[in-house]
Amino acid sequence: MELLYFAWVREKMGRGGERVAPPAEVETVAQLIAWLRARGPVEDAALADSTRLRAAVDQVFVGLDASIKSAREVALFPPVTGG
Amino acid sequence: MELLYFAWVREKMGRGGERVAPPAEVETVAQLIAWLRARGPVEDAALADSTRLRAAVDQVFVGLDASIKSAREVALFPPVTGG
Amino acid sequence: MIRVLLPTEPIDTAAELARLEGAEAGAVASFTGLVRRDDGVSALELEHYPGATDAALLKLAQAASERWSLSAATIVHRVGRMLPGERIVFVGTAARHRAAALDACAFLIDRLKTDAPFWKREETPQGARWVEARTADDAAAGRWD
Amino acid sequence: MIRVLLPTEPIDTAAELARLEGAEAGAVASFTGLVRRDDGVSALELEHYPGATDAALLKLAQAASERWSLSAATIVHRVGRMLPGERIVFVGTAARHRAAALDACAFLIDRLKTDAPFWKREETPQGARWVEARTADDAAAGRWD
């Protein structure tokens, strides 16, 4: 699974993305975030405030309770501020 | 008093304007129109349909019942269609 | 910054937009009306009431500027004879935020249809005709009251 | 005619307007957003989600085109680093009548604020900061539902 990070999520994670293989019990975006936070203090701090996190699964905006089953690409980022 | 005609009023009157001196009892735009119509068949035909006539007194849009007392310039024209 | 013009020559929208952007406002909205090609009209003639037109457009631009705290408002209305595809009117607004710029722009073009002394005459293969006023325009202008 | 661009170079609004007028529609509306000079911001950086951004803008332009029967819809959103006074975004619509062009233009810029993956980072004398999302934008976008 390809992960992408944007804006301050990217900055705090220290990388724009990575390839990961979470275990089968990680079924939603929220569970993916929890799994990532458990990997180390950088990830834990970067993803601590889930109210300020938004996600897209295979480039479709979704809620954090959305499934990531069979997802090829998951993006994590702050609320958008464009236009 | 200076009269000005625009659009099809100008075309039907056969002139863009004229200087007139109506008698003192001609006090409103409607009375001015009636006085003009009495002057000849061209004027009578041009100004026959008062529902399609609009007016300005000294460059201010007014209703046909408006006073023309002490007016320097009265304009007669169809409803505007610009923009 | 209010700018009102009644040119007989073609309207340069790029130059007008550049002026509005120069007002340093953050948000610029514009509307351009063109002579349509598909109405069987070979030319359009815009008659106006010299003096009264300028005053009406100035009054409109000032009203919009105050109501929406605009940094700039521009009305350029062409008069005389023009051809299909040419610009009849350009309205532009500059404001700090987008809603003000967009609303003021819509207000100006709606009101121009009803509050300014312009008359349109269309030349067609069947002859020339004066365009009748549309009650839809009164309704559109009225929504700003 | 739908046109969506994400350039890193300055936006040429005159060329975009000319394209919209070429759609032969009668009414052209546009909105331009600029980097303000008076916010103490020395530069603005626009980050986006490549691929997803293009898809989101195309979807928006298509939705507007269908809803208002547009002859043309253009969205040009600059990305990367830009300076005060430069254009961030241009939205333009062409339609047969003015209300459709103006409403569609307002819809596009409102929705761009909420439905497209852009993030703004401001550089100031005190350092750089990511711009927070505004709830006012959600309200503005919601009025089109």
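Order of the sequence lines sets the chain letters (A, B, ...), proteins ahead of strands, with each chain counted from 1. Everything numeric here is computed off the predicted structure, so don't read it as measured data.
For D/E24, the part lying near chain C is the side chain, with the backbone staying farther off; criterion is any non-hydrogen pair under 4.5 Å. In this structure, chain C has a heavy atom under 4.5 Å from the backbone of D/A25, while its side chain stays farther away. Of the atoms belonging to D/R96, heavy atoms from both backbone and side chain fall under 4.5 Å from chain C. Contacts of C/A18 with chain D are absent, with no heavy-atom separation under 4.5 Å from either backbone or side chain. Of the two parts of C/D103, neither the backbone nor the side chain holds a non-hydrogen atom closer than 4.5 Å to a non-hydrogen atom of chain D.
Just one residue in the list C/L34, C/V79, C/T32, C/L44 forms a side chain to side chain contact (heavy atoms under 4.5 Å, CB included) with C/I88, and that residue is C/L44.
Remark: D/L57 CG to D/T74 OG1 distance equals 12.0 Å, nearest 0.5 Å.
Residues D/V89 and D/R78 form no side-chain contact, since every pair of their non-hydrogen atoms from C-beta on lies 4.5 Å or further apart. A heavy-atom distance below 4.5 Å is not found between the side chains of D/L46 and D/H48.
For the options C/C105, C/S30, C/A94, C/A27, heavy-atom pairs under 4.5 Å to chain D are most numerous at C/S30. Considering only heavy-atom pairs separated by less than 4.5 Å from chain D, the leading option among C/V35, C/T13, C/L17, C/D110 is C/D110. Chosen from C/A29, C/A15, C/G22, the residue pairing most often with chain D at heavy-atom distances under 4.5 Å is C/A29.
Salt bridge absent: D/E123 and D/R129 never bring a charged side-chain N and a carboxylate O closer than 4.0 Å.
The aromatic ring centres of D/Y49 and D/W119 sit 6.0 Å or more apart.
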